[in-house]
There are 2 protein chains.
Amino acid sequence: MDKDTKQRIIEAAQILFWEKGYHATGVAEIQKRAEVHSGSFYHFFKSKEELLEAVLEFYLQLLYPVVMAPSFEKYDDPIERIFGVLAGYRTQLIETNFTLGCPIGKLASEVEKEQVRARQLINANFEGWKKHIADCFEEANIRIGVAHNSMNLANLTLTVMEGSLLQVLAEQSIAPFDNAMIPFREYIEMLYKP
Amino acid sequence: MDKDTKQRIIEAAQILFWEKGYHATGVAEIQKRAEVHSGSFYHFFKSKEELLEAVLEFYLQLLYPVVMAPSFEKYDDPIERIFGVLAGYRTQLIETNFTLGCPIGKLASEVEKEQVRARQLINANFEGWKKHIADCFEEANIRIGVAHNSMNLANLTLTVMEGSLLQVLAEQSIAPFDNAMIPFREYIEMLYKP
DNA sequence: TCCTAATTTGAGTGATCAATCAAACCATAG
DNA sequence: CTATGGTTTGATTGATCACTCAAATTAGGA
């Protein structure tokens, strides 16, 4: 067997939740994709919600190596690193013909108040993302010799990214992303390239 | 009867889709809230999806009078009008204890590619929203005597708004909204209050 | 008044939902 | 070898899903 059954289920759910969302994905569909029968599924997860939590924990593991590392290795300049991360989402959208945006954002819009643990994990993902981006702004502060609020800027960066992806997926066009990026980039460069 | 049966169904669906989303809301639940039986429901709407489209058309009607007008009547300054609209969403979040964000954004994240008409209507709502905000930036351009790209700025405004709401609902705290607003407002004031 | 068409009633359709369960299977330890 | 416990099979559960339909009711025009 190439992978643990449990991990196979997690990765099947990961892609299906990403493509179609949590509610629109049936447990039977996950089982089929993971090549697992019902009893085996419920041997590892006591509910669909518990699987969702496992998926979100897995995303937390992937945050740095998959989302951040490619850009951080490519660029040294911290501001370029940030825009490199954003460019990664852009590439993903183009390559999948506007199907795959931010998996965490997708799940965030579907998770209800009562799903406490899932919401905590979504926040942990967002906070982790913002922390890495804030570190970039902080490093840029040091290099340029300024003192902008790195956490607020990281918060704005995530906000712009999530807001853009929402519109891109709705419009099935990259324009909202690019058009939002123009003034956003202008603002950031105004702060860091004086 | 206080209202048309059809309109009663639309308004029941409107609030339920807003609170719980499209997939999480059952047709039976809509019927119950609208005090309508199943046959009556399907007399007016041939499917749940057709109802969704009617709801989105209704939102298009409400866009100016409900979303824009309150702020436009309160303020004369076009930039204040924009932040007044954003403040409206903020108030809504606070008053509903972080349950009701942007109904269009909520639906946008759930509608699939195949639901062509629904997606068109979501885009029409977004485009209408951006047009009103772009008009404000355009008016500000004239008053201040500058020539910033009003459509790109309106696009960024919607982006920041939608991205903020996503985080607010996930975190169940107004902080992401306020923290994103700080640098966003700083940027806009940098452009228009020289 | 009667006719017609729009509307409403409410039981009922099959499909799919998440979840359960006993039995079988298999790997490992003693 | 046997015993044990983790794992898998796959049929099956009741609930809920969106949706249908014939019959009853209502409303409006001739």
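Letters A, B, ... mirror the listed sequences (proteins, then strands); counts begin at 1. All figures in this text were calculated on a predicted structure; none of them were measured in a lab.
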Exercise. Between A/T5 and D/dT8, is there a side-chain N or O to OP1/OP2 distance below 4.0 Å?
Worked result: yes
Exercise. Atom CZ of B/F45 and atom C1' of D/dT20: how far apart are they, to the nearest Å?
Worked result: 17 Å
Exercise. Is it true that B/E29 and B/K32 have a side-chain N and a carboxylate O under 4.0 angstrom from each other?
Worked result: no
For this session: May I ask you to verify if any side-chain N or O of A/Y42 is less than 4.0 angstrom from the OP1 or OP2 atom of C/dT20?
Result: no
For this session: Round to a whole Å and report the spacing from CG of B/L52 to C1' of D/dA18.
Result: 14 Å
Exercise. Got a sec? Which of residues 17-39 of chain B come in under 4.0 Å of DNA chain C, heavy atoms?
Worked result: B/H37, B/S38, B/G39
Problem set entry | Residues in side-chain hydrogen bond (donor to acceptor under 3.5 Å, both in side chains) contact with B/Y187, at least two apart in sequence or another chain | A/E186
Exercise. Which whole-number value in Å describes the distance from A/R8 CZ to D/dT7 P?
Worked result: 13 Å
Scan the side chains in residues 88-108 of chain B for donor-acceptor partners under 3.5 Å anywhere in the protein, sequence neighbours excluded, and list what turns up.
from	atom 1	to	atom 2	distance (Å)
B/Y89	OH	B/W129	NE1	3.0
B/R90	NE	B/D178	OD1	2.8
B/R90	NH2	B/D178	OD1	3.4
B/R90	NH2	B/D178	OD2	2.8
B/T91	OG1	B/A87	O	3.0
B/T96	OG1	B/Q92	O	2.8
B/T96	OG1	B/L93	O	3.4
B/T96	OG1	B/T99	N	3.4
B/T96	OG1	B/T99	OG1	3.2
B/T96	OG1	B/L100	N	3.1
B/T99	OG1	B/T96	O	2.4
B/K106	NZ	A/S109	O	3.2

For this session: Check whether any side-chain nitrogen or oxygen of A/H43 sits under 4.0 Å from OP1 or OP2 of D/dT8, and answer yes or no.
Result: no
For this session: May I ask you to decide whether B/E57 forms a salt bridge with B/R117, counting only side-chain N to carboxylate O separations under 4.0 Å?
Result: yes
Exercise. What nucleic acid atoms does B/F44 come within less than 4.0 Å of, heavy atoms only: base, sugar-phosphate, or nothing?
Worked result: sugar-phosphate
Exercise. Is it true that the NZ or CZ of B/R81 lies under 6.0 Å from the centre of B/Y75's six-membered ring and within 45 degrees of the ring axis?
Worked result: no
Problem set entry | Residue A/K48, side-chain heavy atoms: nucleotide from C/dA19, D/dC19, C/dT9 that is nearest | C/dA19
Exercise. Looking at B/Y42, does the NZ or CZ of B/K48 lie under 6.0 angstrom from its six-membered ring centre and within 45 degrees of the ring axis?
Worked result: no
